[in-house]
Amino acid sequence: MDERQLRILRELGELGSVSAVAEALHVTPSAISQQLRLLQRSISVPLTQRAGRRVVLTDAGQALAGAAIEVETALARARHTITDFAGRPDGDVSVAAFHSAASAFFPLLLHSLAGPDRPRLALADEDVAQDRFPALTRDYDLVLAHRLDHAPPWPRTVTATTLLREPLDVALPVGHPLAFQPLLSPRDVADQPWITVHDGFPLMATIEAIASVANRRLDIVHRINEFAVVAEAVAAGGGLALMPRWTTRAHSGVALRPLSGVHARRHIDVLHRPERTARSAIRTVLAELHRAAAAIQGRDTCAPPPDADTHAAP
């Protein structure tokens, strides 16, 4: 077996088809199949099996794919030893983030990493459904992803570190009667029109939890993923919305109020393949992401209304 064959097996375990692996690695399906056959000849137990039209790994295949991660990590460390030893931390680092995280983190990264002998950033926005974030680590060094507080953890094929545990607040027009309450419950907001994200995105689970606790179906009138647009719609009276407390820009026409009775919090995590941190430039960017998270958390825009009892809010 060799490094290439192990990587193909690892990718097959994640993607589930020879054609998908071929597309990801920019080779032909026949080349992938040939390498899998060569690998199988050196192993005494089956590594793959058919599951309908998909090719899945056997238990032995999964164990070897896990070992492949360790092999790639060790080889990556070896490749970058000379660069790190020579003190050249100015390599290229690609970072992808969903929109609100990009808006909050990217300016801070660009400012803190400006100047010579600093990593060269390549930034991109990626607004995808939650289950598609891990796959982005094939194309980017670091991926900022979000999931709800009680959601399942990310797959073991990626390394995940939490940057923020960010509260989700109810966004209302500043003149709305509920804006004068320091704390809102699901029953308070259940009879209002709502603006939500599209299906498949994490915030929908909290919307469903609000409906469940209030024991009524919410009136969803608009579906908008971009929080800057959501804020404009809320300010214009289009409905209430859930908005993150720290990573969205304050809007003069929008008030944010904490929500009780449901788990209204999301994790902002940074995902990467384990071998990526062999590079000092990536470790530098990771450290700056944590510093940026601490700065962002200090932006608490969920202030209570004038003369409100501030101790009532969580």
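What's counted below: heavy atoms across the whole structure, side chains too, no hydrogens, waters or symmetry copies.
Residues Arg223 and Met204 have side chains in contact (heavy-atom distance under 4.5 Å, counting atoms from C-beta outward). Side-chain contact between Leu121 and Glu288 is absent, with no heavy atoms from C-beta onward closer than 4.5 Å. Side-chain contact between His267 and Leu148: absent, with no pair of heavy atoms (C-beta onward) separated by less than 4.5 Å.
Among residues two or more places apart in sequence or in another chain, the ring-ring contact (aromatic ring centres under 6.0 Å, His included) test is passed with Tyr140 by none. Residues forming a salt bridge (Lys or Arg N to Asp or Glu O under 4.0 Å) with Arg266 (at least two apart in sequence, or on another chain): Glu166. Not counting sequence neighbours, the partners of His263 by the ring-ring contact (aromatic ring centres under 6.0 Å, His included) test are His150. Evaluation of the salt bridge (Lys or Arg N to Asp or Glu O under 4.0 Å) rule for Asp188 yields no partner, not counting sequence neighbours. In terms of the side-chain hydrogen bond (donor to acceptor under 3.5 Å, both in side chains) criterion, residue partners of Ser94 (sequence neighbours excluded) are, by chain and number, Asp141.
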Under 3.5 Å donor-acceptor pairs involving side-chain atoms of residues 226-240, not counting sequence neighbours:
| unit_1 | atom_1 | unit_2 | atom_2 | d |
| --- | --- | --- | --- | --- |
| Glu226 | OE1 | His99 | ND1 | 3.2 |
| Glu226 | OE2 | Ala228 | N | 3.1 |
| Glu232 | OE1 | His251 | NE2 | 3.4 |
| Glu232 | OE2 | His251 | NE2 | 3.2 |

Take Arg273 and Glu11 through the test salt bridge (Lys or Arg N to Asp or Glu O under 4.0 Å) and record every step on the way to the result.
-> CA-CA 12 Å; Arg273 291 195 162 194; Glu11 297 289 352; 3.0 Å; yes

For His146 and Asp269, what are the C-alpha separation, side-chain angles and deciding distance, and is it a side chain to side chain donor-acceptor pair (under 3.5 Å)?
-> CA-CA 6 Å; His146 56 139; Asp269 298 330; over 6 Å; no

Check against salt bridge (Lys or Arg N to Asp or Glu O under 4.0 Å), Arg216 and Asp191 = CA-CA 8 Å; Arg216 63 172 298 169; Asp191 62 348; 5.2 Å; no

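Side-chain atoms of Gln40 come within 3.5 Å of backbone atoms of Val45 as a donor-acceptor pair (strictly under, hydrogens ignored). Side-chain atoms of Ser212 never come within 3.5 Å of backbone atoms of Glu208 as a donor-acceptor pair (strictly under, hydrogens ignored).
A salt bridge is absent between Glu275 and Arg7: the closest approach of a Lys/Arg side-chain nitrogen to an acidic carboxylate oxygen does not fall below 4.0 angstrom.
Side-chain heavy atoms closer than 4.5 Å link hydrophobic residues (I, L, V, M, F, W, Y) into clusters, and following such links, possibly through other members, connects Leu6 to Leu75.
Closest of all the heavy-atom pairs between Thr248 and Ser100 is CG2-CB, 4.4 Å.
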